[in-house]
Amino acid sequence: MPRSSLRDALFSRRYRSAPEPSPLTAEEREIGRSAGFPDAAVELLKSAADGWLSRLRGVTAGGEEYDAPGLTIEVMRGRAAEVRRRLRERLGPGYLVFETKPGFLPGTPLHVSVLLGTDQLQIPLTLGTSGANYGVTPRDVAERLRRWDAQYGLTINGAGDDWLEAEFHREPPDMLDFAQEVWEFCPDVVEQGTTTLDAAAAEMARENRVYLWWE
């Protein structure tokens with residue numbers, strides 16, 4: 001059985017016990033199929049959205065945008081964490097769920113995206129997450145995350161072309177030492193953000209996450 005057909009069959013069996021999905025328009029069905037998604041998965045995304053549904057846009061190594069094998073929905077900021085949790089639970093393996101546009105102000109929408117795949121390190125590679133002002137490439141970001149994931153366990157909850165947020169499974173034993181490592185890799189987190197290393201360490205411990213951002 002082709003991989004896409006197997007994904008359709010497995011997802012359909014898992015989805016039958018879920019609430020009634022939202023009907024798709026012909027355009028939405030075509031958007032989903034062009035990204036490699038079964039209709040039931042697209043219906044689930046649509047039912048979770050507060051706004052439109054579209055293709056996920058990736059960035060090549062040369063900085064050119066392209067249609068990645070993923071979808072994006074618009075979600076109100078206060079619902080994003082719950083939408084991520086619900087989509088991960090109901091989509092299951094083979095789908096990477098994360099935010100791609102943060103909504104910094106209350107009441108503003110953000111984007112939740114789903115990328116086909118099983119390795120979450122494809123997220124920064126697909127989105128071109130980098131620190132160009134420091135010569136940091138998407139591959140550098142992925143390799144650094146691979147090392148931290150091996151040490152502490154990480155779940156990537158959001159990413160864009162110049163930022164990434166990941167949750168710890170196991171907090172680093174010395175958060176100040178870890179904050180130093182983050183600062184050396186991504187100076188703007190401290191120099192343009194918390195302003196001190198102690199504040200960065202305290203924030204990461206309090207929020208149980210590492211946040212990377214290059215100006």
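Just so you know, residue 1 is the first one in the sequence shown, and it goes up from there.
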Open item on the list: Under a 3.5 Å threshold, yes or no: a donor from one side chain and an acceptor from the other, between Glu191 and Trp183?
Closed with: yes
- Assess the side chains of Asn133 and Asp162: does a donor N or O sit below 3.5 Å from an acceptor N or O? no
Test side chain to side chain contact (heavy atoms under 4.5 Å, CB included) on Leu145 and Val141; report intermediate values, then the result. CA-CA 6 Å; Leu145 291 172; Val141 175; 3.9 Å; yes
Closest approach of [X] to [Y] (non-hydrogen atoms, all atoms of both residues):
X	Y	result
Leu87	Ala48	CD2-CB, 4.3 Å
Thr72	Arg55	OG1-O, 4.3 Å
Asp39	Leu24	O-CD1, 3.8 Å
Leu116	Gly36	CD1-O, 3.7 Å
Arg84	Phe98	CD-CA, 4.2 Å
Ala80	Leu110	CB-CD1, 3.6 Å

- prompt: Just wondering, are more than 12 heavy atoms of other shown residues or ligands nearer than 6.0 Å to CD in Glu184?
  reply: yes
I'd like to know whether CZ of Arg85 has more than 12 heavy-atom contacts from other residues, nucleotides or ligands below 6.0 angstrom. yes
With a 4.0 Å cut-off, would you call [X] and [Y] a salt bridge?
X	Y	result
Glu65	Arg57	yes
Glu82	Arg79	no
Arg146	Glu143	yes

Beyond-backbone contact of [X] with [Y], side-chain heavy atoms, under 4.5 angstrom:
X	Y	answer
Leu212	Val182	yes
Leu197	Gln180	yes
Asp177	Pro172	no
Thr118	Tyr95	no
Tyr66	Glu64	no
Trp214	Gln192	no
Leu71	Leu56	no
Ser54	Ile73	no

Quick check against the 3.5 Å criterion: does [X] have a side-chain atom that pairs as donor or acceptor with the backbone of [Y]?
X	Y	answer
Asp149	Leu154	yes
Thr126	Ile123	no
Lys46	Leu53	no

Using 0.5 Å steps for rounding, measure from the [atom1] atom of [X] to the [atom2] atom of [Y].
X	Y	atom1	atom2	result
Leu96	Gln122	CG	CD	8.5 Å
Glu43	Glu28	CD	CD	9.5 Å
Leu164	Leu127	CG	CG	9.0 Å
Cys186	Arg144	SG	CZ	10.0 Å
Ser47	Arg86	OG	CZ	6.0 Å

Tested for side-chain contact (heavy atoms from CB on, under 4.5 Å) against Phe37, the lone hit among Ile31, Leu91, Val42 is Val42
inquiry  = Applying ring pair (Phe, Tyr, Trp, His ring centres under 6.0 Å) to Phe168 and Trp148, what does each step give before you reach the verdict?
reply    = CA-CA 9 Å; Phe168 294 115; Trp148 288 342; 8.3 Å; no
Residue pairs passing the ring-ring contact (aromatic ring centres under 6.0 Å, His included) test with at least one member in residues 43-63, sequence neighbours excluded, are Trp52-His111
### Query
Does Arg170 count as lying over the ring of Tyr152, i.e. NZ or CZ under 6.0 Å from the six-ring centre, within 45 degrees of the axis?
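Verdict for Tyr152: no cation-pi partner in Arg170.
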- Item | Those residues that, when tested against Arg206, pass side-chain hydrogen bond (donor to acceptor under 3.5 Å, both in side chains) (two or more places apart) |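 For Arg206 there are no side-chain hydrogen bond (donor to acceptor under 3.5 Å, both in side chains) partners, ignoring immediate neighbours.
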Exactly one of Glu165, Glu167, Gln120, His169 should register a side-chain hydrogen bond (donor to acceptor under 3.5 Å, both in side chains) with Thr155. Which one does?
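Only one option passes, and that is His169.
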